[in-house]
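Notes for the one structure printed next.
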Amino acid sequence: MPELPEVETIRRQLAPKVEGRTLRELRILDPRWTQPLAPQAVTEALEGRRVEALERRGKYLIWRAEDDVHLLIHLRMTGTLLWEPSDADAAHERVRFDLDGARLSFCDPRRFGTGELAVGGPALAAFLDARLGVEPLQGELTGAYLRAQARGRTAPVKAFLLDQRRIAGVGNIYADEALFRAGIHPLRPVGTLTRAQCDALADAVVAALTAGIDAGGATIDDFRHVDGVYGGFQHDFLVHRREGEPCDTCGTEIVKFVAAGRGTYVCETCQPRPRRRRRQAASVRS
DNA sequence: CGCCCTGTTGGGGA
DNA sequence: ATCCCCAACAGGGC
């Protein structure tokens, strides 16, 4: 479930509930969650501290507690945070927060999610800076930035978008969506994009993420298994993600293949295939 | 029933 | 720089 818009939605829903409360107990049921750090190190650093703010950077949720102690939660594929969940919804509970008597559960069937501890501002900055590039929702993703980063690179543009160290928070679905909106094929070598395409793609990434947040799909109270997808968030505003269905714009059948190691959906009319790959760098022409 | 494939992620090793 | 595989689990197709 959690792409950036879902993480942001969870953050917005949760922040008013948790900010100002004190973390009385942090029960880590799955020791893998804190690897390679020992669970008790995380527990001891956080228990008894007041939660000052719940923030987000990329797909990380950042709990800022007293004395500059931070807990960074990554939901990965199937993680979620549930406020006062029912027993059924909490079936895969991995971590339990006691916030002044209120229960918050980190649930994660697949157990990919992680919890990281960062004590002190520099430690937090070092952790984030090593992993995350510009924040698209803070106006940092511009066509000029994209073009500068892409220059000379041969990687498929989709792989480029998914690299968190360049642009923070673009996941598989939103990469497809942005490329569709910008009319760019996912396998296009990123260094061959024109200036206009870089501008269009930067705008499309921001627009797609913003649309996802506005759709406000994720909810912290409701976690189910729907249509084979954990979470059941409906991305109705996105390009079709079923092969064989018609493109909303032109009616061409959506095709699916693997790009950057992920399932990728494309309208090859709206997103023309790149010319055959060349050994030599291609010159950039419009 | 079993086997195989897939998956809204990121890290490590080749 | 780029690609492949892996973590662990559930559901669907055959």
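Naming convention: chains lettered A, B, ... in sequence-line order (proteins, then strands); numbering from 1 in each chain. Any value given below was found using the heavy atoms of this structure, including those in side chains, with hydrogens, waters and symmetry copies removed.
Under the 3.5 Å distance criterion, the side-chain polar atoms of Glu8(A) are left unmatched by any main-chain donor or acceptor of Arg56(A). Without hydrogens or angle criteria, Arg49(A) side chain to Ala45(A) main chain gives a donor-acceptor distance under 3.5 Å. Looking at Glu55(A), its side chain never comes within 3.5 Å of a backbone N or O of Ile62(A) through a donor-acceptor pair. Judged by distance alone, with hydrogens and angles left aside, the side-chain atoms of Arg165(A) form no donor-acceptor pair with the main-chain N or O of Gly133(A) at under 3.5 Å.
Follow the hydrophobic side-chain contacts under 4.5 Å out from Leu104(A) and you reach Val42(A) in the same cluster.
Looking at the side chain of Arg262(A), the nearest of the listed nucleotides dT2(C), dT9(B), dG7(B) is dT9(B). Comparing dG7(B), dA7(C), dG10(B) by their nearest atom to the side chain of His74(A) picks out dG10(B). When the nucleotides dA1(C), dT6(B), dG11(B) are ranked by their closest atom to the side chain of Arg166(A), dA1(C) comes out on top. Between dC9(C), dT6(B), dG11(B), one nucleotide has an atom nearer to the side chain of His92(A) than all others, and that is dC9(C). The side chain of Thr154(A) approaches dT2(C) more closely than any other nucleotide in the set dT2(C), dA1(C), dG7(B). Taking the side chain of Lys59(A) as heavy atoms from C-beta on, and the options dT9(B), dG11(B), dT6(B), the nearest nucleotide is dT9(B). Minimum atom distance to the side chain of Ala155(A) is reached by dT2(C), of the listed dT2(C), dG7(B), dA7(C). In the set dG11(B), dA1(C), dT9(B), dA1(C) carries the atom at the smallest distance from any side-chain atom of Arg153(A).
For the pair Arg76(A) CZ and dC6(C) P, the computed distance is 16 Å after rounding to whole Å. At whole-Å resolution of the value, CG in Leu132(A) and P in dT9(B) are 14 Å apart. Rounding to whole angstrom units, CD1 of residue Ile173(A) and P of dT9(B) are separated by 7 Å. In this structure, Leu161(A) atom CG and dT9(B) atom C1' are separated by 16 Å, rounded to whole Å. Rounded to whole angstrom, the span from the CZ atom of Arg32(A) across to the P atom of dC9(C) amounts to 7 Å. Atom OH in Tyr60(A) sits roughly 9 Å away from atom C1' in dT9(B) (whole-Å rounding). In this structure, the CZ atom of Phe257(A) is 21 Å from the P atom of dC5(B), given to the nearest Å. Nucleotide dG10(B) holds its P atom 18 Å from the CD atom of Gln35(A), rounded to whole Å.
To the nearest whole angstrom, the two C1' atoms, one in dC5(C) and one in dC5(B), are 15 Å apart.
Residue Phe160(A) is classed as having no contact, given no heavy-atom separation below 4.0 Å to the nucleic acid. Contact annotation for Gly261(A): no contact, since no heavy-atom pair falls under 4.0 Å across all strands.
In this structure, Arg131(A) forms a cation-pi arrangement with Phe127(A), its terminal cationic atom sitting closer than 6.0 Å to the ring centre and no more than 45° off the ring axis.
For Arg165(A) against dG11(B), a side-chain-to-base donor-acceptor contact under 3.5 Å is absent.
Between Gln164(A) and dT9(B) there is no side-chain polar atom (N or O) within less than 4.0 angstrom of OP1 or OP2. Side-chain nitrogen and oxygen atoms of Lys158(A) include none within less than 4.0 Å of the OP1 or OP2 phosphate oxygen of dT2(C).
Taking the nucleotide of DNA chain C with the nearest heavy atom to each of Ala159(A) and Arg111(A), the more 5' of the two is matched to Ala159(A).
For the pair Phe112(A) and dA7(C), the ring geometry qualifies as stacking, because the centroid separation is below 5.5 Å while the planes lie within an angle under 30°.
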